[in-house]
Amino acid sequence: MKPARHVRDDSLRDRLLVIDPRDRSITDARVADLPSLLRAGDLLIVNDGATLPGSLAGRTASGAAVEARLVAERAPGLYTAILFGAGDWRMRTEDRPPPPPLAEGAVIDFGSDLHATLAEVSPHSPRLVALSFREQGDALWAGIYRHGRPIQYSYIDRPLELYHVQTAYASRPICAELCSAGRPLTWGLLLDLARRGVRVARLTHAAGISSTGDPALDARLPLPERYEIPAETIEAIREARARGGRVIAVGTTVTRALEGCALAHGGALVPGPGVTDLVLGPRTPLRVVDGIFTGVHEPTESHYELLSAFAPEPLLREAHAHAEREGYLGHELGDSCLILARDDDPRGIRRLEAVARG
Amino acid sequence: MSQDTNTTSPLARTAALVTGASRGLGAALARSLARRGARVVAIARDIEPLDAVVRQINAEGGEAHAFAADIGDKLVVHAIAGAAAALVGPIDLLIHNASTLGPTPLPLLLDTACEDLGRVLAVNLVGPFRLSKVIAGSMALRGRGTIVHISSDAAVNAYPRWGAYGVSKAALDHLGRTFAAELEGTGVRVLSIDPGEMNTRMHADAIPDADPATLADPAVIAERIVRLLERPERVASGSRIEAASLGVVS
């Protein structure tokens with residue numbers, strides 16, 4: 001499947017592949033059609049994390065060029081990061097050389113006003129490190145925004161600016177990459193949904209990176225990711241259930257936060273912060289979400305594995321083949337897909353009870 | 001905390017972003033908000049006077065953060081919004097105070113270069129528009145927030161030589177009304193506030209011969225504005241308010 005190579009003008013015209021496991025149908029639609037595919041009483045849940053300018057070009061003490069990609073904040077100023085040697089996003093990630101050998105305590109200079117020390121090098125790979133920034137607070141954020149650029153990949157045909165890779169509702173910069181499922185949602189669409197009785201709730205999930213360039217490290221993704229679910233979102237889920245509405249996750253991060261939270265708490269949703277490294281697959285029971293609005297993915301990608309929790313694999317393969325034939329575009333700037341897995345399902349009653357316990 | 005702190009203010013623990021906060025009304029707004037327990041992010045182009053304002057607020061027990069940026073620059077909008085949210089959380093109150101007069105001594109429109117009008121519009125209108133787009137989106141998702149446009153009577157009255165500035169403020173007023181209409185029902189309120197003539201460097205740049213005794217103290221005006229913003233629901237979203245009509249702080 002071809003990736004979308006650059007930002008397209010009108011996201012409402014992006015294509016929307018609608019997969020319905022109940023009647024095994026595959027329908028071609030547009031993102032603009034989303035309000036007519038949902039019902040009053042349904043609840044959309046979005047991830048309100050903003051995208052960090054997480055790609056930082058730096059030099060080691062010996063003058064070697066490195067690129068650091070920030071993956072997740074562990075503590076203020078302390079970040080899990082992936083290090084690369086020379087080169088940038090224009091080279092395929094898997095072709096990038098590894099970083100020069102660096103010991104813990106080595107300093108990387110990202111600019112006159114941004115420096116980090118290697119606090120840790122992972123025993124699994126010298127590419128996976130913890131960076132401790134010397135600057136703190138105001139000076140740290142000034143430095144990150146002055147020197148950082150969005151993480152991007154070689155299938156994109158031009159440098160991306162930060163305004164290309166944000167959703168229309170994000171706030172705290174905690175996502176390593178754009179939570180792309182929400183990218184096409186304009187405020188016109190969101191307010192139209194609200195007028196039709198489809199509520200929108202939020203959670204915050206620190207999405208990590210999608211690729212490290214090292215297959216052994218890639219196999220360890222996703223690394224544990226922090227999330228935070230507001231009490232009002234859990235209340236909104238309860239109310240949607242009571243109305244017979246469906247809970248639709250906008251993206252895989254929202255799915256993993258909700259299902260990860262329920263898994264960690266015996267099926268109940270608990271407000272507040274948490275950490276999850278949940279990987280969903282064909283045998284994962286969905287305790288919270290009834291459907292997903294997300295991007296279009298290759299069958300070999302981990303996101304595709306997650307989709308198999310929503311629809312049977314033969315149907316997903318058929319849908320993917322259809323999307324290929326019809327010229328759908330993949331990756332973070334590409335087209336979208338909607339799977340509504342459940343409707344009037346007896347398990348919905350059991351989930352209502354689980355939410356009520358929480 | 002200083003003796004002026006009102007720990008029961010509705011603004012306590014809210015996240016506020018003020019542009020043009022290195023001096024004048026902007027600095028005074030940052031101080032008034034911080035005294036009430038708001039967590040303030042102060043934006044201005046010049047880091048040194050901005051840092052001085054922020055240091056003073058922090059030394060007095062408030063919480064303020066400095067981020068240097070030119071509000072007219074398209075490329076820093078997400079940097080401003082992102083850094084602010086990283087430092088104090090999602091923004092609850094956004095005050096668009098940063099303004100430029102354009103070239104001084106103020107020229108007639110007939111003598112104003114179109115590039116200078118463009119620059120005034122870029123800073124006074126398009127900059128606030130861009131920053132509001134980013135921050136209002138997050139406010140609308142959370143179902144609450146207030147956006148304030150600092151206006152001027154030059155937006156309403158036709159003063160010769162105030163063309164570029166006046167046009168930009170008139171447009172900013174209407175931007176506020178239109179945003180308010182679009183955001184009706186989302187919980188996001190938009191207000192325009194005309195602070196009146198104040199004893200500031202901007203006023204001195206525009207009217208060097210003015211008698212400072214006839215001009216309001218920006219600290220007094222800031223207090224009036226912040227008291228209004230403690231209860232923004234008392235004023236209809238989309239309203240334009242003159243600070244002179246607000247109650248005197250006792």
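Below, chain A is the first sequence line, B the second, and so on; all start at residue 1.
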Give, as side chain, backbone, both or neither, the part of B:Arg142 having an atom under 4.5 angstrom from any heavy atom of chain A.
both
Quick check on A:Arg8: does its CZ atom have over 12 non-hydrogen neighbours (other residues, nucleotides or ligands) under 6.0 Å away?
yes
Return the minimal non-hydrogen interatomic distance between B:Ala140 and A:Trp187, and the atom names on each side.
CB-CH2, 3.4 Å
Whatever's closer than 4.5 Å to a heavy atom in chain B on A:Ala170 counts as backbone
For the CG atom of B:Leu75 and the CG atom of A:Leu162, what is their distance to the nearest 0.5 Å?
9.5 Å
Examine whether an atom of A:Leu140 lies under 4.5 Å from a heavy atom of chain B, and if so say whether it belongs to the side chain, the backbone or both; otherwise answer neither.
neither
If you tally heavy-atom pairs under 4.5 Å against chain A, which of B:His78, B:Lys74, B:Lys133 wins?
B:His78
Counting heavy-atom pairs under 4.5 Å with chain B, which one of A:Tyr163, A:Trp141, A:Tyr145 comes out on top?
A:Tyr145
Ranking B:Ala83, B:Pro90, B:Ala79 by heavy-atom pairs under 4.5 Å to chain A gives rank one to B:Ala79
Could you measure the distance from the CG atom of B:Leu50 to the CG atom of A:Asp138? Nearest 0.5 Å is fine.
9.0 Å
To the nearest 0.5 Å, what is the distance between CD on A:Gln166 and OG on B:Ser138?
11.5 Å
Distance, nearest 0.5 Å, that separates CG of B:Leu141 from OG of A:Ser171:
7.5 Å
With a cut-off of 6.0 Å (strictly less than), are more than 12 heavy atoms of other residues, nucleotides or ligands near CZ of A:Arg243?
yes
